[in-house]
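Here the structure is laid out as structure tokens; the discussion comes afterwards.
Computation of the quantities below employed the complete heavy-atom set of this structure, encompassing side-chain atoms and omitting hydrogens, waters and symmetry-equivalent molecules.
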Amino acid sequence: MNFLRGGTHSIAARYSAAFLFAVLLCAPAHSSETVQLWVQSIFGAQQTHSHLKPFFDEFFTAVGRNYRPKYGNNFPALSRTCASEKYDVVMGSYGTAMRQFERECGYHVVALTDQSIYLYTRDRSSLENIRRVGVIPGVRASEVDLRKVLPGGFVVIPYRDHIQATVALLDGDIDGLTSSSVAIKRLAPVLQDSIHIAHTFDEKGHGVAMLSPRFYATPEGQAFRHFILANGETSVQIYVEEMGISRWRSPDKEKPATTAGSE
């Protein structure tokens, strides 16, 4: 079912001075190593890769490095790579599984996003009629307390990614979906009109970008930190305009009072 809107990404970079300085520090001796990325598969591997490729291409072209992305949702397998620091960059939803990985593996959080979490329904179903709720394990939206919201009994049905869960909602296989606006924003307008917000949770979701201790200590690692926090044109188009989430911020900064919805 091809229900996603098409889109193009501007590759015009708007680099910060700090990023450009960090790029200049990148030693040519490092350029032969391929940077390993682990990215949570929010749309399924192929769709996630297509959506985020312009963002990663922009950075790694600028620093002259090759990169290899791995898209997945298997957090136990990710945690088993701790000792080897297999992945230089890890990005995804900052839920319980990702926080545990951060603690156990000693990765450095370099950037966060902020987003609202919603309970979506189709055709304005009331909370009383929601009995089957779809969730995506491993994302913050799957951890909200539905018992405070739904007055009747309900069952939770897990889906592997946002696309599968959103299709299930559109097809009537579930009555509700806990999610940010990530997948909903990418629906064709005619399908967006059939999905409605039944409840906005008090809890907020966060996206996270983490670097391994080894990569964090390199000029390229610091260049990536400056790049993601610069929120250049490509980043804003992908994350803010097309996914409906906030701009990246430093973990040391307070989140803004008002944020866009997302994962």
Side-chain angles (χ1 to χ4, degrees), residues 9-27 30-31 35-40 42 48 51-65 67 69 71 85 87-95 98-99 101-103 105-116 139-140 180-182 185 204-263:
H9 303 282
S10 170
I11 305 300
R14 186 176 291 173
Y15 300 121
S16 68
F19 170 62
L20 290 172
F21 180 70
V23 169
L24 291 175
L25 291 177
C26 293
H30 294 290
S31 62
V35 179
Q36 304 293 328
L37 279 59
W38 188 94
V39 182
Q40 195 165 6
I42 53 178
T48 304
H51 186 68
L52 299 181
K53 186 177 184 296
F55 174 77
F56 294 126
D57 282 352
E58 184 175 288
F59 171 74
F60 289 107
T61 297
V63 298
R65 296 287 298 271
Y67 74 96
Y71 299 97
E85 294 184 33
Y87 297 107
D88 302 297
V89 180
V90 172
M91 298 176 68
S93 176
Y94 201 31
M98 195 71 88
R99 291 174 188 270
F101 175 80
E102 175 196 358
R103 287 194 308 271
C105 302
Y107 274 52
H108 298 274
V109 174
V110 296
L112 294 169
T113 60
D114 307 292
Q115 49 262 1
S116 296
V139 305
R140 179 68 183 90
S180 59
S181 63
V182 169
K185 285 278 289 185
K204 298 294 182 181
H206 304 284
V208 66
M210 294 189 285
L211 306 183
S212 71
R214 182 175 56 233
F215 190 64
Y216 182 82
T218 66
E220 293 92 337
Q222 290 305 304
F224 184 82
R225 180 174 68 87
H226 289 299
F227 170 76
I228 196 169
L229 292 174
N231 289 291
E233 291 179 5
T234 302
S235 177
V236 168
Q237 182 168 354
I238 290 173
Y239 289 102
V240 179
E241 297 175 6
E242 297 182 3
M243 294 173 67
I245 71 177
S246 74
R247 293 170 182 252
W248 291 96
R249 65 173 174 86
S250 168
D252 301 324
K253 290 185 178 180
E254 291 293 325
K255 66 181 181 181
T258 303
T259 62
S262 176
E263 184 44 59

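Aromatic pair Tyr67/Phe59: ring centres not closer than 6.0 Å. With ring centers used as reference points, Phe56 lies 6.0 Å or more from Phe224.
Side chain of His206 to backbone of Asp114: no donor-acceptor contact under 3.5 angstrom is found. Here the side chain of Ser235 pairs no donor or acceptor atom with the backbone of Gly232 at under 3.5 angstrom. Judged by distance alone, the side chain of Gln222 and the main-chain N or O of Tyr216 form a donor-acceptor pair under 3.5 Å. No donor-acceptor pair closer than 3.5 Å links the side chain of Thr234 to the backbone N or O of Phe55.
Exactly one residue among Arg65, Arg214, Arg225 makes a salt bridge (charged side-chain N to carboxylate O under 4.0 Å, His left out) with Glu220. That residue is Arg65.
Contact annotation: the side chain of Tyr239 approaches that of Leu52 to within less than 4.5 Å [non-hydrogen atoms, C-beta and beyond]. Inter-residue side-chain proximity for Arg99 and Val208 is flagged as unmet; no heavy-atom pair is nearer than 4.5 Å. In this structure, the side chains of Val90 and Met98 come closer than 4.5 Å at one or more pairs of heavy atoms. In this structure, Ser181 and Met243 have side chains that are not in contact, with every pair of non-hydrogen atoms separated by 4.5 Å or more. Contact of the Tyr87 side chain with the Met210 side chain is not registered, since no non-hydrogen atoms from C-beta on lie closer than 4.5 Å. For the pair Phe215 and Glu85, the minimum side-chain heavy-atom distance is 4.5 Å or more. Taking 4.5 Å as the limit, some side-chain heavy atom of Leu211 sits within range of a side-chain heavy atom of Val89.
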**OP:** Could you give me the CA-CA distance, side-chain angles and deciding distance for Glu242 and Lys185, then say whether side-chain contact (heavy atoms from CB on, under 4.5 Å) is met?
**Re:** CA-CA 6 Å; Glu242 297 182 3; Lys185 285 278 289 185; over 6 Å; no

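Here the closest heavy-atom approach between residue Pro251 and residue Val110 is recorded as CD-O, 3.4 Å. The two atoms that bring Ser93 and Arg140 nearest to each other are OG-N, 2.9 Å, heavy atoms only. Residues Ala223 and Val63 approach most closely at CB-CG1, 4.3 Å, considering heavy atoms. The shortest non-hydrogen separation linking Ala111 to Trp248 is CB-CE3, 3.5 Å.
Residues satisfying the side-chain hydrogen bond (donor to acceptor under 3.5 Å, both in side chains) criterion with Arg247, sequence neighbours excluded, are absent altogether.
The distance from atom OG1 of Thr48 to atom OH of Tyr71, rounded to the nearest 0.5 Å, is 7.5 Å.
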